[in-house]
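To start, the structure under review is shown below, and the notes come after it.
The analysis underlying the following values was restricted to heavy atoms, covering all of them including side chains, and did not include hydrogens, waters or symmetry mates. Please read all numbers here as calculations on a predicted model, not as lab measurements.
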Amino acid sequence: MPVALVFGAVALAVGIMVLVFNRPQAKNSLERVSSNRTDSISEIVEASYNDLLRRIAPTNVYPGIVPVHIFRKQDGVMRFHCSGGLLEDGTILTCAHSFWNVQGKNRKPWEYHFRVLQPVPGKLQPINRLLPVDISLIEASPATHDFIKCSPGLSKIIDPLEPVETVIQGGNLRFDYYHPIQGMIGVKSIVTGESAHIIGRIKHTGGPEFYILDYDSFQGESGTPFVDPVDRKVYIVSRSMKLGGVERQVFKLSPLFTGVSFCSAVRLR
């Protein structure tokens, strides 16, 4: 059944999302509020990143797309920025919002580099520019468009891009509907080889439609491609949401699932 009137606090770069589900004709709604965090976000990301490195698949998961991690040079230090997939044409497919000029996030022109992860993490290589997705190579699914391509080359300072959709940073957000997918869709992370499922689609008011992946991503996993080997569709991690009882009930997930990811989708030709 579609779920209407869903509200939440959402962050770019797969931060934490908290939702409030208002059921039709219900007298009271249930609201989950995120607590103030005193721990270090950078320490949490570093711990999660180190754990991810231990889980990298030793061999290619899907022909034609190789996992990479993208870094930005900030104050002379290379910082983990996001994930992506190196395509056969030599470009890197990743999420677009990691390069957006998001108000309040102090986005600046940065220098970017990438590292191929298989068979073992290699040396950092420079990124020269950002490119729109070439539709002759990749077919975009309707209303899911948080993706972009990076072109390797001589190192260059890259200006931030203007957002192409409603920027989701926090506060309350209304969702129009959630549609589950019958039978779900089996996919694999090209980074770790782990299996997951696309369980449905959700549309937020004034914004795009996303696919829901039953995978709990952390900040920095934006841009991670999950592939469906059957129809060559690639699902790119865009947002994340921590799950409570209401969310698990809506998405029909067991307590074993601590979070889900919102994904954009493209199809390799």
Side-chain angles (χ1 to χ4, degrees), residues 13-17 45 47-70 80 82-88 92-95 115-121 138-141 144 146-147 178-202 209-244 247-269:
V14 292
I16 297 175
M17 181 188 296
V45 173
S48 299
Y49 180 66
N50 289 334
D51 175 68
L52 180 65
L53 291 179
R54 289 189 286 268
R55 295 186 284 118
I56 292 176
T59 57
N60 184 258
V61 172
Y62 186 79
I65 183 167
V66 178
V68 304
H69 279 161
I70 297 173
F80 179 48
C82 63
S83 301
L86 181 64
L87 305 178
E88 291 179 320
I92 298 165
L93 180 65
T94 184
C95 58
R115 172 180 287 153
V116 175
L117 300 181
Q118 293 173 342
V120 294
I138 301 175
E139 178 184 334
S141 299
T144 52
D146 184 11
F147 47 79
Y178 166 69
H179 292 313
I181 294 176
Q182 287 291 337
M184 304 185 293
I185 300 172
V187 294
K188 283 190 175 183
S189 165
I190 69 163
V191 176
T192 65
E194 294 170 309
S195 296
H197 301 88
I198 298 296
I199 62 174
R201 294 178 292 112
I202 196 166
E209 181 180 80
F210 290 106
Y211 288 90
I212 304 296
L213 176 70
D214 60 357
Y215 175 81
D216 188 6
S217 55
F218 68 90
Q219 183 177 339
E221 281 192 285
S222 283
T224 300
F226 281 74
V227 297
D228 174 5
V230 176
D231 69 358
R232 292 177 59 81
K233 186 175 285 187
V234 180
Y235 298 89
I236 303 171
V237 173
S238 182
R239 315 283 195 270
S240 73
M241 178 175 67
K242 296 300 180 183
L243 297 179
E247 293 86 357
R248 290 193 186 93
Q249 182 179 1
V250 170
F251 296 132
K252 293 182 170 48
L253 294 172
S254 76
L256 296 176
F257 292 91
T258 57
V260 295
S261 298
F262 286 21
C263 299
S264 296
V266 297
R267 179 175 285 112
L268 298 180
R269 291 187 183 273

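For the atom pair CD1 of Ile185 and CG of Asp228, the computed distance is 6.0 Å after rounding to the nearest 0.5 Å. Atom CG of Asp216 is separated from atom CG of Leu256 by 12.5 Å, given to the nearest 0.5 angstrom. Taken to the nearest 0.5 Å, the OG atom of Ser217 stands 10.5 Å off from the CE atom of Met241. Atom OG of residue Ser195 and atom OH of residue Tyr215 lie 12.0 Å apart, to the nearest 0.5 angstrom. Between the OG atom of Ser222 and the CZ atom of Arg239 there is a distance of 7.5 Å, given to the nearest 0.5 Å. Atom CG of residue Leu213 and atom OG of residue Ser240 lie 11.0 Å apart, to the nearest 0.5 angstrom.
At a threshold of 4.5 Å between non-hydrogen side-chain atoms, the residues Arg232 and Tyr62 count as touching. Side-chain contact check for Ile198 versus Lys233: every heavy-atom pair is 4.5 Å or farther apart. Inter-residue side-chain proximity for Asp51 and Phe218 is flagged as unmet; no heavy-atom pair is nearer than 4.5 Å. Looking only at side-chain heavy atoms (C-beta outward), Pro225 and Leu93 stay at 4.5 Å or farther from each other. Under the 4.5 Å side-chain criterion, counting only non-hydrogen atoms from C-beta, Tyr178 is in contact with Ile199. Put simply, the side chain of Phe80 reaches to within 4.5 Å of the side chain of His69, judged on heavy atoms. Val191 is not listed as a side-chain neighbour of Gln118, based on a closest heavy-atom distance of 4.5 Å or more. The side-chain heavy atoms of Ile236 and Asp146, taken from C-beta on, include no pair separated by under 4.5 Å.
Nearest heavy-atom pair, Thr192 versus Leu52, reported as atom, atom and distance to 0.1 Å: CG2-CD1, 3.6 Å. Taking every heavy atom of both residues into account, Gly186 and His197 meet most closely at CA-CD2, 4.1 Å. Heavy-atom minimum distance, Phe147 versus Ser264: CD2-CB, 4.1 Å. The two residues Ile190 and Val227 come nearest to each other via the heavy atoms CG2-CG1, 3.6 Å.
Within the 3.5 Å criterion, the main-chain N or O of Ser83 finds a donor-acceptor partner in the side chain of Thr94. Counting only distance, with no hydrogens or angles, the side chain of Arg248 and the backbone of Phe257 share a donor-acceptor pair below 3.5 Å.
Between Phe262 and Phe210, the ring-plane angle classifies as tilted under the 30° and 60° cut-offs.
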